[in-house]
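Worksheet for the structure shown next.
These numbers come from the heavy atoms of this one structure, side chains and all, not from hydrogens, waters or symmetry mates. Every value quoted in this text rests on a predicted model; they were computed, and no experiment measured them.
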Amino acid sequence: FGFHYTQDLIKRVADALQHFRDENHELFNTFFDRFVFYVKQYDRREDLLELCESIASVLEIQLRTERIGGGIGLIEIHPDNEFGIDLLLRNLLIASERAIAEDRERVSICVCDAAMEAQIERDEEIQRELVRIVDDTASDLLYLHFQPILNLQSGRVAGFEALARMKTEQLGLVSPLEFIPIAERTKRIIPLGYKIFEDAFRFQRKLAAAGHADLSVSVNVSAIQLLSEGFADHLIALIAGWQVDPQRICVELTESVFASNLEEINAVIARLRASGLGIAIDDPCEQ
């Protein structure tokens, strides 16, 4: 409904939060839609949770008619923890975002505990390794498994599906259910996706050289990749550069892709099909 509408809503939320302010509860606005309470003293964690629940109840009254949810992150600062303000606010933001992800219609609460902090550190390590892969400084961390696709009538292999795998020295094997969402969130899925395609093309050429030119290779593509600028043209140029038969390459899309801009999605699919590539709907749970 526009900038002024949004500003008025945020002001109403700020006014509602004012009721929880006192000498022990300081209120800050750290971003246009983010507020932080700093609680100086409390006896038990339950006291903080009760405060969060009270805040959530008030916010839900303000936001219910707008059909807007929210999230509350909770972090306890202990004297032996050396938290910088940037790290503290980042972890707090992550906790609040996870609360939103749990329930988008209500104001949920998420506590940033030792397990979440460990997960945050793990996610950051995965991000660092993805950067190394994309920058070609550690390309061996990413590799492909080629899962056979069987023709149930003949019982023969009809092709292969390329499944991305990641293995690092520090983390060991990392599930694609873990590193693919991080790659998508950081937009590194775009250059990563092209590397996966090139590895798949290399494998297809080996198949052709071994006398199996009729076997196809399928590659999963996310909505972010598909809708990135120039995706179809770049992919078609890669296929030509690798001298691979486009009719032996299949692009697999998850059903979630079609929740995006359908007109734009269909235009990209039409461009790929016109160049001879196959298009398939993939099982999002298949790993």
| Among the clusters formed by ILVMFWY side chains lying less than 4.5 Å apart, do Val221 and Leu262 turn up in the same one? | yes
| said: Using the rule given for side-chain contact (heavy atoms from CB on, under 4.5 Å), can you reason through Glu264 versus Leu227, listing the C-alpha separation, both sets of side-chain angles and the distance that settles it, and then say yes or no? | reply: CA-CA 8 Å; Glu264 190 173 354; Leu227 293 174; 3.7 Å; yes
| Lys/Arg-Asp/Glu bridge criterion (N-O < 4.0 Å) met for Asp135, Arg132 | no
| task | Hey, could you give me the OG/CG distance between Ser96 and Leu74, rounded to the nearest 0.5 Å? | result | 11.5 Å
| Under 3.5 Å, is there a donor-acceptor pair between the side chain of Arg205 and the main chain of Trp242? | yes
| request: May I ask you to decide if Leu215's main-chain N or O and Gln204's side chain share a donor-acceptor pair within less than 3.5 Å? | output: yes
| request: Treat each ILVMFWY residue as a node, draw an edge where side-chain heavy atoms are under 4.5 Å apart, and state whether Ile180 and Val131 are in one component. | output: no
| query | Leu49, Ile75: one ILVMFWY side-chain cluster at the under-4.5 Å cut-off? | reply | no
| query | Which heavy-atom pair separates Cys52 from Ile72 by the least distance, and what is that distance? | reply | O-CD1, 3.5 Å
| task | Please examine the side chains of Phe20 and Leu51, heavy atoms only from C-beta on, and report whether any two atoms are closer than 4.5 Å. | result | yes
| task | Could you tell me the separation between the CZ atom of Phe197 and the CG atom of Leu235, rounded to the nearest 0.5 Å? | result | 4.5 Å
| N/O donor-acceptor pair under 3.5 Å between Gln225 side chain and Ser222 backbone | yes
| field | Point-to-point distance, once rounded to the nearest 0.5 Å, from CG of Leu88 to CG of Leu92 | value | 6.5 Å
| Would Leu93 end up clustered with Ile55 when hydrophobic side chains under 4.5 Å apart are linked, directly or stepwise? | no
| field | Residue pair Cys110 / Ala95: nearest heavy atoms and the distance that separates them | value | CB-O, 3.2 Å
| Closest approach of Ser218 to Ile149 (non-hydrogen atoms, all atoms of both residues) | OG-CD1, 4.1 Å
| Crowding at CZ, Arg44 (>12 non-hydrogen neighbours, <6.0 Å) | yes
| said: Can you confirm whether more than 12 heavy atoms, excluding those of Arg202, are under 6.0 Å from its CZ atom? | reply: yes
| query | Once the angle between the rings of Phe146 and Phe203 is folded into 0 to 90°, is it parallel (under 30°), tilted (30 to 60°) or perpendicular (over 60°)? | reply | parallel
| said: For residues Leu173 and Leu141: do they belong to one hydrophobic cluster (side chain heavy atoms under 4.5 Å, members Ile, Leu, Val, Met, Phe, Trp, Tyr)? | reply: no
| request: Please report the C-alpha distance between Lys11 and Leu9 in whole Å, then the side-chain angles of each, then the deciding distance to 0.1 Å, and finally whether the side-chain contact (heavy atoms from CB on, under 4.5 Å) criterion is met. | output: CA-CA 5 Å; Lys11 287 178 182 178; Leu9 178 59; over 6 Å; no
| query | How about Phe179 and Leu142: do any of their side-chain heavy atoms sit closer than 4.5 Å? | reply | yes
| query | Do Arg185 and Gln127 pass the side-chain contact (heavy atoms from CB on, under 4.5 Å) test, and can you show the C-alpha distance, the side-chain angles, and the key distance before you say yes or no? | reply | CA-CA 10 Å; Arg185 188 171 67 245; Gln127 286 189 52; 4.1 Å; yes
| message | With heavy-atom distances below 4.5 Å as the criterion, would you say the side chains of Phe160 and Leu207 are in contact? | response | yes
| message | Does Glu46 have more than 12 heavy atoms from other residues, nucleotides or ligands lying within 6.0 Å of its CD? | response | yes
| Is the backbone N or O of Arg34 less than 3.5 Å from a side-chain atom of Asn29, with the two atoms forming a donor-acceptor pair by type? | yes
| said: Using side-chain heavy atoms (C-beta onward) and a distance below 4.5 Å, is Phe28 in contact with Phe35? | reply: no
| said: Within this structure, what is the CG-CD1 distance for the pair Leu226 and Ile190, rounded to the nearest 0.5 Å? | reply: 11.0 Å
| said: Can you tell me how far apart NZ (Lys206) and CZ (Phe201) are? Round to the nearest 0.5 Å. | reply: 15.0 Å
| Inter-residue atom distance Gln153.CD - Asn151.CG, 0.5 Å rounding | 6.0 Å
| query | Tyr5 and Asp8: side-chain contact (heavy atoms from CB on, under 4.5 Å), yes or no, with the steps? | reply | CA-CA 5 Å; Tyr5 178 89; Asp8 289 341; 5.8 Å; no
| request: Would you check if Ile236 and Arg271 make a side-chain contact, meaning some heavy-atom pair closer than 4.5 Å? | output: yes
| Checking Ser275 side chain against Leu277 main chain: does a donor-acceptor pair fall under 3.5 Å? | no
| Taking NZ, NE, NH1 and NH2 as the nitrogens, is one of them in Arg12 or Glu66 under 4.0 Å from a carboxylate oxygen of the other? | yes
| message | I'd like to check Glu117 versus Asn91 (side-chain heavy atoms, cut-off strictly below 4.5 Å). Are they in contact? | response | yes
| field | Thr137 side-chain N/O to Ile133 backbone N/O, donor-acceptor pair under 3.5 Å | value | no
| message | For a quick test of reading the model, state the closest non-hydrogen atom pair linking Leu63 to Gly69 and the distance between them. | response | CD1-O, 3.9 Å
| field | Charged N-O contact under 4.0 Å between Arg122 and Glu125 | value | no
| field | Glu60 (side chain) donor-acceptor with Val107 (main chain) under 3.5 angstrom | value | yes
| note | Smallest heavy-atom separation, Ala200 atom then Leu144 atom, equals N-CD1, 3.8 Å
| query | Are Ile126 and Leu130 close enough that some pair of their side-chain heavy atoms sits under 4.5 Å apart? | reply | yes
| task | May I ask you to test the Val219-Glu252 pair for a side-chain heavy-atom distance under 4.5 Å? | result | no
| said: Does atom CZ (Arg98) have a neighbourhood of more than 12 heavy atoms from anything else shown, all under 6.0 Å? | reply: yes
| Electrostatic pair Arg248:Asp214 at N-O distance under 4.0 angstrom | no
| query | Hey, are Lys195 and Asp136 close enough for a salt bridge, meaning a charged N less than 4.0 Å from a carboxylate O? | reply | yes
| request: Answer yes or no: does atom CZ of Arg273 have more than 12 heavy-atom neighbours from other residues, nucleotides or ligands under 6.0 Å? | output: no
| said: Looking at Arg21 and Glu26, is there a salt bridge between them, counting it only when a charged N and a carboxylate O are closer than 4.0 Å? | reply: no
| Glu161 side chain to Asn220 side chain, donor-acceptor N/O pair below 3.5 angstrom | yes
| Ring center gap for Tyr38 and His25 short of 6.0 angstrom | no
| Distance-only polar pair, side chains of Gln119 and Asp123, donor-acceptor under 3.5 Å | yes
